[in-house]
Amino acid sequence: MGGERVPSATPGSRADLLTSSEGKAPRTERGRKTLRAILDAAAIEFGERGFHEASISGITRRAGVALGSFYTYFDSKDAVFRALVRDMSDRVRDEVAPAIRAATGQIAAERAGLLAFMTFVQGHKEIYRIIDEAEFVDPESFQLHYNTTADRIAARLKAAAERGEIRTDISDVHAWAIMGMNVFLGLRFGVWADDRQPAEIADIVADMLAHGIAPR
């Protein structure tokens, strides 16, 4: 967005994979590809079967790797689930951030961010089940996901306020409100049904952010 600066790590990068593997960083390109395959397979396994029904063998089968390869990076199903929550949070960030940075003006940036998020959700619907289950499986990761997302929104809103692009009385309440709106728009129009185009939803929201809902 206008002025937001976000780390440029990309999914599968060394920095992201170091975080995802809880310090057990791959040392080779082959190792990074193996870890990426495990995380991608875990997303499908947990997304389709849920945490309790999912299994390590199911993950390795989907990933096409040996069981030993899994234990090179993770000690348990709980560990890969925790890593997956962080990984998916990072992937959303990395998908949305470039669209935000490329926009001119804060309202346009919020529109671009929502559009990028909803487009991502339509291709990764499992993210909702995984993040929702994290509330009970790993509450710390669940709260971290939303807290860090809200912090990023608050930081970019504050920067925009300082530039004079939006009102000056911006607070964390505005950041959480925008995040909550985006989350449920993604759920309704990205996961439950795709009966309206993401661009249409983003246009409506941008207009609401710019003008509110009072009579014109």
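Across all their heavy atoms, I170 and K158 have their closest contact at CG2-N, 4.4 Å. Closest of all the heavy-atom pairs between A99 and A112 is O-CB, 3.5 Å. Taking both residues in full, the closest heavy atoms of A43 and I130 are given as O-CD1, 3.6 Å, listed atom of the first, atom of the second, then distance. Considering every non-hydrogen atom in both A37 and A63, the closest pair reads O-CB, 3.6 Å. The shortest heavy-atom contact between L35 and P26 is CD2-CG, 3.7 Å.
Between F142 and F136, every side-chain heavy-atom pair lies at or beyond the 4.5 Å cut-off. The shortest side-chain heavy-atom distance between D87 and R36 falls under the 4.5 Å cut-off. You'll find the side chain of D138 stays beyond 4.5 Å of the side chain of V85, heavy atoms only. Within the 4.5 Å cutoff, side-chain heavy atoms of I59 are placed close to those of F46.
In this structure, E140 has no salt bridge (Lys or Arg N to Asp or Glu O under 4.0 Å) partners at least two apart in sequence or on a different chain. Legend: residues meeting side chain to side chain contact (heavy atoms under 4.5 Å, CB included) with A154, ordered by chain and number and at least two apart, are A175. In this view, T148 satisfies the side-chain hydrogen bond (donor to acceptor under 3.5 Å, both in side chains) rule with no residue, not counting sequence neighbours. Every side chain to side chain contact (heavy atoms under 4.5 Å, CB included) that T149 has, sequence neighbours left out, goes to H145, R152, I153, M179. For F70, the ring-ring contact (aromatic ring centres under 6.0 Å, His included) partners at least two apart in sequence or on another chain are F74. In terms of the salt bridge (Lys or Arg N to Asp or Glu O under 4.0 Å) criterion, E162 has no residue partners (sequence neighbours excluded). By the side chain to side chain contact (heavy atoms under 4.5 Å, CB included) test, A206 pairs with I107, R111, sequence neighbours left out.
Within the structure, salt bridge (charged side-chain N to carboxylate O under 4.0 Å, His left out) pairs that include any residue of residues 207-216 comprise D207-R216 (at least two apart or interchain). Listed by first and then second residue, the salt bridge (charged side-chain N to carboxylate O under 4.0 Å, His left out) pairs involving residues 41-67 are E45-R49, E45-R62, E48-R62 (not counting sequence neighbours). Residue pairs meeting the salt bridge (charged side-chain N to carboxylate O under 4.0 Å, His left out) criterion with at least one partner in residues 170-180, sequence neighbours excluded, are absent.
Residue E110 holds its CD atom at 7.5 Å from CD1 of I166, rounded to the nearest 0.5 Å. Atoms OG and CH2, from S171 and W176 in turn, are 12.5 Å apart once rounded to the nearest 0.5 Å. The OG atom of S69 sits 8.0 Å away from the CZ atom of R30 when rounded to the nearest 0.5 Å. In this structure, CG in L114 is found 10.0 Å from CD1 in I100, a value given to the nearest 0.5 Å. Remark: L84 CG to D40 CG distance equals 9.0 Å, nearest 0.5 Å. Taking CD1 of I56 as the reference point, atom OG of S76 lies at 6.5 Å (rounded to 0.5 Å).
One N or O on the side chain of E165 and one on the backbone of Q106 form a donor-acceptor pair closer than 3.5 Å. A donor-acceptor distance shorter than 3.5 angstrom exists from the side chain of N147 to the backbone of Q143, with no hydrogens or angles considered. Listed for the Y128 side chain is a donor-acceptor partner under 3.5 Å among the backbone atoms of V183. A side-chain donor-acceptor contact under 3.5 Å links E133 to the backbone of F51.
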In residues 117-126, what donor-acceptor pairs under 3.5 Å come from side-chain atoms, sequence neighbours left out?
unit_1	atom_1	unit_2	atom_2	d
T119	OG1	L115	O	2.8
H124	ND1	F120	O	3.0
H124	NE2	R91	NH2	3.4

Contacts table for residues 195-202: side-chain donor-acceptor under 3.5 angstrom, sequence neighbours left out:
unit_1	atom_1	unit_2	atom_2	d
D195	OD1	R188	NH1	3.0
D195	OD2	R188	NH2	3.1
R196	NE	E200	OE2	3.2
R196	NH2	E200	OE2	2.7

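Using a 4.5 Å cut-off between side-chain heavy atoms of Ile, Leu, Val, Met, Phe, Trp and Tyr, with links allowed through other members, I44 and V80 fall into different hydrophobic clusters. Under a hydrophobic-cluster definition in which Ile, Leu, Val, Met, Phe, Trp and Tyr are linked whenever side-chain heavy atoms come within less than 4.5 Å, directly or via other members, L185 and I204 are assigned to different clusters. By the rule that hydrophobic residues join a cluster once side-chain heavy atoms approach within less than 4.5 Å of another member, L144 and V92 end up as members of separate clusters. Tracing side-chain contacts under 4.5 Å through hydrophobic residues (I, L, V, M, F, W, Y), one never reaches V173 starting from F184; they form parts of separate clusters.
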After noting the C-alpha distance and the side-chain angles of D132 and R129, does the key distance pass the salt bridge (Lys or Arg N to Asp or Glu O under 4.0 Å) rule?
CA-CA 5 Å; D132 285 350; R129 180 170 188 175; over 6 Å; no
